[in-house]
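Keep in mind it's a predicted model, so treat the numbers as computed, not measured. In the text below, chain A, chain B and the rest are named by the order of the sequence lines, each starting its count at 1.
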Amino acid sequence: MAHPRHKLDDAFLTPVRLSLMAALPKEVELDFASLRTVIEVEDSVLSKGIAHLEKLGYVRVTKGYVSKRPRTWVASTAKGRRAFSAHVEALRAITDVAQQ
Amino acid sequence: MGSDHALAAVARMRERTAGLSRPHAWLLLWGSVLVSVYLAILLALVSDGPTPQTTAVTFGLMLPTMLTYSAVVAGARERFASRLRVPGAYSAAVAVAVAVYFVLGGIGIFGGGFPWWVAAFVGVAAFLLLGAPFIVYLARGRSAVIVEDPWRSHPLTPHAVVVTVGIGVYLGLTTALSSSVIPLMFVSVVGMLALSVSSLAPAAKWSAAQAGVEWGRTQWRCFAAGIGIMFALAVATVVAGEAIAPPIAVLCGVLVLAAMVTSALTPRAR
């Protein structure tokens, strides 16, 4: 049987992208500033993470305005959530293997 | 990052952002109550009972409240860092319900009408459909914690104070005039025009939406109290089948105005 690490998704191998995907549940979308607060990263790092996941089709970005300020909304896609679930399962399997 | 650390980070993130925050869910639940009562009363107006005068008075009371709520809540939503994503099946269910509602309205206007309890049933059904997702959120007892206390009240800016007092004058005057149809319709329409113009420029500092961005717990409680009075008068008008006595209408109007003026000035700027 293949080691579970082969099922890890490269997209989630950085802490920021992993946290970003974990912070985006199915039922809500979050704005950029909140993601920055929750994940505790710089704007530029978060932007890169979002852009990477967007290119893979894992998140969807919507731009809008609140008052006169631009606001960016980020939501997970079904494809992204499936990939993330598989990645988390692989992490669990690795942890189980390590504990055996 | 080790796999156990990664799993712990995922769990922490999910704990913090899963679902809606409770204050957000309460706002949406309150909105669903308002819309349900509104739909039920409108349908009751085209059922068998009410006279043209009762219908006019009730419309004159209900439309300002709903328009004001819609304008202000557009801004209030921006106090929250998340937006709800509605599943397609739920949207389809709402679309079917809206179609049924219009068919019932058509029967009421062009057909033979229907008993008042049909309107009450529709109100309950609308609440179950619109409010159920938020009741589930609140019942779960979980809450996303993205923004700390989004309802915290701060002293309003001068623009928001003027707009809030203006809303109080409009709603108070509408309520006070609910015993006489012509003045009520006049004030009601003038206010609705002002709100419509305001909604064309939601980013303008004089707009109702901008006041909504600033409104905190105090303002929403006072607004809820004012709207509650107006809804109670509307229901009383439909049930009684005639306009409310002028002294009661004026007293209610003063209470609505007082609530909104109080909210505009609370908390005081230091």
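- If you measure heavy-atom distances from A:Ile39 to chain B, the contacts under 4.5 Å come from both the backbone and the side chain.
- Contacts between A:Ser76 and chain B at a heavy-atom distance below 4.5 Å involve backbone atoms as well as side-chain atoms.
- Between A:Leu18 and A:Phe84, some side-chain heavy-atom pair lies under the 4.5 Å cut-off.
- With sequence neighbours left out, A:Arg82 forms a side chain to side chain contact (heavy atoms under 4.5 Å, CB included) with A:Ala78, A:Lys79.
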Less than 3.5 Å apart, which donor and acceptor atoms pair up between the side chains of residues 90-97 of chain B and the rest of the protein, not counting sequence neighbours?
from, atom 1, to, atom 2, distance (Å)
B:Tyr90, OH, B:Leu129, O, 2.6
B:Ser91, OG, B:Pro87, O, 3.4

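- Of the atoms belonging to A:Phe12, not a single heavy atom falls under 4.5 Å from chain B.
- For the pairing with B:Ile229, the side chain to side chain contact (heavy atoms under 4.5 Å, CB included) check across B:Leu171, B:Thr65, B:Val256 returns one residue only, B:Val256.
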